[in-house]
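What follows is one structure encoded as structure tokens, with my remarks underneath.
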Protein chains: 2
Amino acid sequence: MTDDPWVPPVVLLAVDLVILTLRESRLHVLLIERGIDPYKGNLALPGGFLRHAEEDITAAAHRELSEEADLDVETLRLEQLGVYGDPGRDPRGRVVSVAYLAIAPRLPEPTAGTDAADAGWQPTDRVLSGDLDLAFDHQRIIADGVERARTKLEHSALGTAFCRPTFTITDLQGVYEAVWGITLDPRNFYRKVQKTEGFIVPAGTSRKAATGRPARLFRAGPCTALYPPMVRPAEGPSAKE
Amino acid sequence: MTDDPWVPPVVLLAVDLVILTLRESRLHVLLIERGIDPYKGNLALPGGFLRHAEEDITAAAHRELSEEADLDVETLRLEQLGVYGDPGRDPRGRVVSVAYLAIAPRLPEPTAGTDAADAGWQPTDRVLSGDLDLAFDHQRIIADGVERARTKLEHSALGTAFCRPTFTITDLQGVYEAVWGITLDPRNFYRKVQKTEGFIVPAGTSRKAATGRPARLFRAGPCTALYPPMVRPAEGPSAKE
DNA sequence: CGAATAGTGTCTATTAGACACTATAAT
DNA sequence: ATTATAGTGTCTAATAGACACTATTCG
């Protein structure tokens, strides 16, 4: 045992972004193809190291959002998802990553950024089933992100973030159905959403229709927390006889 | 602009523990008095740097729990609360802290650990009101921890973690009332808790009574997630005319 | 008109919340 | 008996969930 004065170890700090959206009624996550080792060629979450020692972590997340995902920083709200710092999760050394969650409306394919060889939306169920091979512990991070989105739909107005600025109630129902993976009664959903004060507000004009009656348009309301919450039907444990 | 190969910056990684308990019907948080600079003499959350470069973050949190708080690691479950890494939050340099939340039953005063000059439980409302001067951004971390506990009480069986191994329904009600800062109807609470399957299970013997009818004892049930959830009455926004 | 989607009405079983009562102990 | 706390019963208003209907567009 030496008696050298102890100094704390240092780590590399990274951010990773779980950006979810809806395409063709399925939940998708934005992934890039890694252009460099380790895990070169594998799919991974957009993200990267802090740029410099004074960079704010949230600022770094926003920077990666525009650099790697080429998405508009202004329209997306990032929420901290958690820290992933297992020793050995990155062969380059001790890398601790702060994961952020963002919800995006349906967007055109993002163009590849600087250090992303390719970028694209992948269905979350393909990721979670292990069908796709992800770098690092990113499958785990995505699983946590999806689960977070599921519960946030219950208690926050996050659902509107999946929609474009104006949307129909049917659009919003599609969000809940895709994220929760269930079907909902349109009539009850209609009532419920309307009576949850501040959730959605009418956007004047009705519009849209390939066929059928045109739907009214709404915008996201002022509330961020829903009261009463949207209730997700019980699952698993209610194994009915 | 030089053309030196860019290398990512490094940071110091710390863990901080928000340990909540109930004493005399008030929510308390465990704080230590800092024995060294910076913020020497101020109150702070128990915590500290990673011991070595390969230490798991959760393991470090458990280690601090026993070292600094002298609490039994086995009985307390730690939950990640978030990352606090603003540049400038620590004058010693770039320190990023991972905060953990734990709930403890009423315990004897913990004995001071190694680098804690003094330790003790402080009411959370004194902390949140700014009545006590905390080191770093620990007031903010505690505020987040308390808020997390509030919402977890709704959807998880966390409330039982505030109680000793066996407890009465009145004990459990006291937890909800203290954390939520409201009063509840004992009769409705009784029914609600009983019918939430797996929340609490009878512990055989009835017992306890200074005066009045002895209460039945219960243990924490197998469920971690409550369904249906305990509903916290609406606050603020329902400003009744 | 029919097809398709939007939106409303109504009924019922369940539940939250209010409140009165009975039960079991100590003094 | 009195006091104090534990536990149960009951009523009512609100709500979730099921389901039938009307409304508005296009072709």
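By convention in this document, chain letters (A, B, ...) are assigned in the order of the sequence lines, proteins followed by strands, and residues within each chain are numbered from 1.
When the C1' atom of C:dG7 is taken as reference, atom CG of A:Asp185 falls 12 Å away, rounded to whole Å. Per the geometry, CZ belonging to B:Phe218 stands 12 Å off P belonging to D:dA6, to the nearest Å. Atoms CD1 (B:Ile200) and C1' (D:dG7) sit 13 Å apart, rounded to a whole Å. Rounding to whole angstrom units, CG of residue A:Asn188 and P of C:dT14 are separated by 16 Å. Counting to the nearest Å, the C1' atom of D:dT15 and the CE atom of A:Met230 are 14 Å from each other. As a whole-Å value, the separation of B:Leu184 CG from D:dG7 C1' is 17 Å. Rounded to an integer number of Å, the gap from B:Phe189 CZ to C:dA18 C1' is 17 Å. Taking atom OH of residue A:Tyr190 and atom C1' of nucleotide D:dC19, one finds them 18 Å apart after rounding to whole Å.
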Atom pairs under 3.5 Å, N or O on each side, protein against nucleotides 22-26 of chain D: can you list them with distances?
unit_1: D:dA23; atom_1: O4'; unit_2: A:Arg213; atom_2: NH1; d: 3.4
unit_1: D:dA23; atom_1: N3; unit_2: A:Arg213; atom_2: NH1; d: 3.2
unit_1: D:dT24; atom_1: O2; unit_2: A:Arg213; atom_2: N; d: 3.4

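Judged purely by distance below 3.5 Å, without hydrogens or angles, the side chains of B:Tyr190 and B:Thr170 never pair a donor atom with an acceptor atom. Between the side chains of A:Asp16 and A:Tyr84, no donor-acceptor pair is found at a separation under 3.5 Å.
With B:Ser97 contributing its side chain and B:Ala99 its backbone, the two residues share no donor-acceptor pair below 3.5 Å. Panel note: side chain A:Ser156, backbone A:Leu153; no donor-acceptor pair is recorded below 3.5 Å. Judged by distance alone, with hydrogens and angles left aside, the side-chain atoms of B:His28 form a donor-acceptor pair with the main-chain N or O of B:Arg26 at under 3.5 Å.
Both B:Lys195 and B:Arg187 sit near DNA chain C, but only B:Lys195 has its closest nucleotide nearer the 5' end.
A donor-acceptor contact under 3.5 Å links the side chain of A:Arg191 to the base of D:dG17.
Distance CG/A:Leu76 to CG/A:Leu71: 5.5 Å, rounded to 0.5 Å.
Taking 4.0 angstrom as the limit, A:Lys192 places a side-chain polar atom (N or O) nearer than this to OP1 or OP2 of D:dA16.
Considering every non-hydrogen atom in both B:Lys192 and B:Pro228, the closest pair reads NZ-CG, 4.1 Å.
Heavy atoms of A:Arg216 sit under 4.0 angstrom from primed sugar atoms or phosphate atoms, though from no base atom.
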